[in-house]
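Keep in mind the model is a prediction, meaning the values are calculated, not measured. Just so it is clear, the values below take in all heavy atoms, side chains as well, and ignore hydrogens, waters and symmetry mates.
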Amino acid sequence: CLERLAAVPPENAQQAVDVAWGRRTLAQQTASSGTYTDFLAALGMLEEAAGGANALEGADLALWLQLCARRPEAESRAKAVTRLNQIRNQRDLTSEETAVLAYIHHTEGKWQEAQDLMIDLLAKNPNNTSYMTTYINWLLERKDFSDAAAWIRKLDPNSVDAVRFACILLTQQGKAQDARNRLKSFVPKRIDEVTAAQIMEELGSYDKRF
């Protein structure tokens, strides 16, 4: 169905939007196989429609950058960095583009560069929970407990993310019993039993007693 939709010659603006959506979704599905061949095929779909990688813009450009950034090989990530540097020479990066660059730096172990970008991003988007949870995940990976705790306090205390991160933080600090009690205190008023079980399972990666 997606292949047929992506092949439709659009006759009006709405059809053009629908076809572009179909092409992006097809590209995502193709790249999701994880093979390098399918990754290149996905990029090709986007580039061909735009008339080349440098002509990509909007949602197509955002997807192209994400696909490149999340590849395991450095060569593909370098494509995204090169394109982002070209864009930065022409205009300021959008928040979404900055997030992609920060992700690449984090993946490649360039922590200072990734952290600088994320702090700037969060200063400009203080209510963006997606950026905030990404940064908290990174801090917890690095066992930067004090900074992680400070950012966790900025989340809605009733949110699943706040509960999950607080429990992970306690478990990483060797306070598994406190994490267990904290998690149980939120069930079922703030989170349901299925969500609690999922969090419990995740905590098992830090402490086998879970």
Side-chain angles (χ1 to χ4, degrees), residues 24-25 27-36 38-39 42 62-63 65-74 76-77 80 95-96 98-111 113-115 117-119 121-122 125-210:
R24 286 193 300 274
T25 306
Q28 284 180 304
Q29 291 293 322
T30 301
S32 69
S33 74
T35 69
Y36 187 68
D38 284 346
F39 161 68
L63 177 57
L65 289 169
Q66 289 170 9
L67 293 178
C68 290
R70 296 187 180 279
R71 285 295 303 174
E73 64 279 348
S76 296
R77 296 194 299 271
S95 292
E96 190 174 31
T98 301
V100 170
L101 186 57
Y103 174 85
I104 294 172
H105 286 326
H106 173 258
T107 300
E108 297 183 343
K110 300 175 182 177
W111 172 243
E113 291 91 333
Q115 185 176 42
L117 287 174
M118 287 304 293
I119 289 175
L121 195 59
L122 287 163
N125 303 271
N127 299 317
N128 190 303
T129 55
S130 177
Y131 297 151
M132 198 177 299
T133 55
T134 295
Y135 187 49
I136 293 170
N137 270 317
W138 293 355
L139 290 170
L140 290 172
E141 285 176 10
R142 294 179 60 80
K143 293 182 170 52
D144 192 339
F145 298 143
S146 59
D147 273 1
W151 283 100
I152 290 170
R153 287 194 292 270
K154 295 177 185 293
L155 294 169
D156 176 357
N158 295 317
S159 68
V160 172
D161 283 328
V163 175
R164 170 178 167 266
F165 283 132
C167 290
I168 291 174
L169 179 59
L170 286 169
T171 304
Q172 284 188 305
Q173 290 175 316
K175 302 174 182 178
Q177 188 64 36
D178 290 343
R180 174 183 175 276
N181 292 338
R182 185 180 183 88
L183 181 59
K184 286 182 67 177
S185 72
F186 287 106
V187 182
K189 292 182 179 179
R190 297 187 186 179
I191 58 176
D192 59 49
E193 292 180 351
V194 173
T195 302
Q198 291 170 338
I199 295 174
M200 190 80 76
E201 184 175 6
E202 184 177 8
L203 296 178
S205 64
Y206 303 99
D207 189 317
K208 290 183 179 180
R209 285 176 291 177
F210 285 102

Q: With the side chain counted from C-beta on, respond yes when M132 and N128 share a heavy-atom pair under 4.5 Å apart, and no when they do not.
A: no
Q: When rounded to the nearest 0.5 angstrom, what distance separates SG in C167 from CD1 in I152?
A: 9.5 Å
Q: Do F39 and E73 pass the side-chain contact (heavy atoms from CB on, under 4.5 Å) test, and can you show the C-alpha distance, the side-chain angles, and the key distance before you say yes or no?
A: CA-CA 11 Å; F39 161 68; E73 64 279 348; 4.2 Å; yes
Q: List the steps, then state whether side-chain contact (heavy atoms from CB on, under 4.5 Å) holds for L203 with S205.
A: CA-CA 5 Å; L203 296 178; S205 64; over 6 Å; no
Q: Would you please classify the geometry between the W138 ring and the W111 ring as parallel, tilted or perpendicular, with 30° and 60° separating the classes?
A: perpendicular
Q: About how many Å separate CG of L117 and OG of S95, when rounded to the nearest 0.5 Å?
A: 11.5 Å
Q: Roughly how far apart are I199 CD1 and T195 OG1, rounded to 0.5 Å?
A: 6.5 Å
Q: Considering only distance and modelled atom types, tabulate donor-acceptor pairs under 3.5 Å from the side chains of residues 155-163, sequence neighbours left out.
A:
residue: D156; atom: OD1; partner: N158; partner atom: N; Å: 2.9
residue: N158; atom: OD1; partner: R190; partner atom: NE; Å: 3.1
residue: N158; atom: OD1; partner: R190; partner atom: NH1; Å: 3.2
residue: S159; atom: OG; partner: D156; partner atom: O; Å: 2.7
residue: S159; atom: OG; partner: A162; partner atom: N; Å: 3.2

Q: Could you tell me which non-hydrogen atom of L183 sits nearest to which non-hydrogen atom of A196, and how far apart they are?
A: CD2-O, 3.7 Å
Q: Please round to the nearest 0.5 Å and tell me the distance separating atom CD of E202 and atom CZ of R164.
A: 4.0 Å
Q: Locate the shortest heavy-atom distance separating H106 from A114; write the atom from each residue and the value.
A: N-CB, 3.7 Å
Q: To the nearest 0.5 Å, what is the distance between CD on E96 and CD on Q66?
A: 5.5 Å
Q: How close do A80 and C68 get, counting heavy atoms only, and between which atoms?
A: CB-CB, 3.8 Å
Q: Can you see which heavy atom on L65 is nearest to which on V100, and at what distance?
A: O-CG1, 4.0 Å
Q: Using atom types as modelled and distance alone, determine if a side-chain donor or acceptor of R209 lies under 3.5 Å from a backbone N or O of G204.
A: no
Q: Is it true that atom CD of Q173 has more than 12 heavy atoms of other residues, nucleotides or ligands lying nearer than 6.0 Å?
A: yes
Q: On a heavy-atom basis, which atom in T133 and which in S130 lie closest, and how many Å separate them?
A: OG1-O, 3.0 Å
Q: Roughly how far apart are D178 CG and L169 CG, rounded to 0.5 Å?
A: 11.0 Å
Q: Are there over 12 heavy-atom neighbours, none belonging to E193, within less than 6.0 Å of that residue's CD?
A: no
Q: Knowing that exactly one of I119, L121, L140 qualifies, which makes a side-chain contact (heavy atoms from CB on, under 4.5 Å) with Y135?
A: I119
Q: Write down the atom of Y131, the atom of M118, and the distance for their closest heavy-atom approach.
A: O-CE, 3.3 Å
Q: Is there a donor-acceptor pair under 3.5 Å between the side chain of R77 and the backbone N or O of P72?
A: yes
Q: Test side-chain contact (heavy atoms from CB on, under 4.5 Å) on F145 and K143; report intermediate values, then the result.
A: CA-CA 5 Å; F145 298 143; K143 293 182 170 52; 3.8 Å; yes
